[in-house]
Amino acid sequence: MLYQIIGTLTGLIGMMLSIKRFKEGKTSPTVFIFWLLAWGFLIVISISPNVTSYIANIMGIGRGLDLIIILAIIGAYYLLFRIYIMIENLEMEITKLVRELALRESEEDE
């Protein structure tokens, strides 16, 4: 019973924070929808944990917990990939800015 309360409260707080970030323009619509679905899924499985077993059986996975672990691993790899892409883009932008600054400084020195 306690995990149901904690899970539901966590999901509701997550939804409120997601809505706040979206209204402030800090989150894209796609990311906003993703987080709303993720928090909603947390609330649903907190209230009715048997849902995961039902979905797992449909997907041919043995247990509901296995489904959650598989989804968590896939989600973690996706987030790592997104972070890697962001870091590469930042590195390219920094390189571009440093080149431009170096060219400006060399022009000023002449």
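In what follows, residues are counted from 1 in the order of the sequence shown. Just so it is clear, the structure is predicted and the values come from calculations on it, not from any experiment.
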Trainee: Taking atom CG of Asn57 and atom OG1 of Thr52, what is their separation to the nearest 0.5 Å?
Mentor: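 If we round to the nearest 0.5 Å, Asn57:CG and Thr52:OG1 are 9.5 Å apart.
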Trainee: Of the options Ile6, Thr8, Leu12, which is the one that meets Thr10 in a side-chain contact (heavy atoms from CB on, under 4.5 Å)?
Mentor: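 Testing each of Ile6, Thr8, Leu12 against Thr10, the sole residue satisfying side-chain contact (heavy atoms from CB on, under 4.5 Å) is Ile6.
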Trainee: Check residues 26-47 and write down every donor-acceptor pair under 3.5 Å in which the side-chain atom is one partner and the other belongs to a residue at least two apart or another chain.
Mentor:
residue	atom	partner	partner atom	Å
Lys26	NZ	Glu24	OE1	3.4
Ser28	OG	Val31	N	3.4
Trp39	NE1	Gly14	O	3.4
Trp39	NE1	Ser18	OG	3.3
Ser46	OG	Leu42	O	2.7

Trainee: Which hydrophobic side chains are connected to Leu103, either touching it within the sub-4.5 Å cutoff or through other members that do?
Mentor: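 Members besides Leu103: none; it forms no cluster.
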Trainee: Scan the side chains in residues 59-86 for donor-acceptor partners under 3.5 Å anywhere in the protein, sequence neighbours excluded, and list what turns up.
Mentor:
residue	atom	partner	partner atom	Å
Arg63	NE	Asp66	OD2	3.4
Arg63	NH2	Asp66	OD1	2.9
Tyr84	OH	Glu88	OE2	2.6

Trainee: Nearest 0.5 angstrom please: Glu107 CD to Glu105 CD, how far?
Mentor: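 Rounded to the nearest 0.5 Å, the CD-CD separation comes out at 11.0 Å.
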Trainee: From Ile5 CD1 over to Met1 CE, what is the distance, rounded to the nearest 0.5 angstrom?
Mentor: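 The CD1 atom of Ile5 sits 4.5 Å away from the CE atom of Met1.
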Trainee: Which residue pairs pass the salt bridge (Lys or Arg N to Asp or Glu O under 4.0 Å) test with at least one member in residues 46-62, sequence neighbours excluded?
Mentor: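 Salt bridge (Lys or Arg N to Asp or Glu O under 4.0 Å) check on residues 46-62 returns no pairs.
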Trainee: Within this structure, what is the CZ-CG distance for the pair Arg21 and Leu17, rounded to the nearest 0.5 Å?
Mentor: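 Answer rounded to 0.5 Å: 9.0 Å.
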Trainee: Return the set of residues passing ring-ring contact (aromatic ring centres under 6.0 Å, His included) with Tyr54 (not counting sequence neighbours), or none when no residue passes.
Mentor: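 ring-ring contact (aromatic ring centres under 6.0 Å, His included) list for Tyr54, sorted by chain: empty.
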Trainee: Kindly write out the residues that satisfy salt bridge (Lys or Arg N to Asp or Glu O under 4.0 Å) with Lys23, not counting sequence neighbours, or none if the list is empty.
Mentor: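 Expected list: none.
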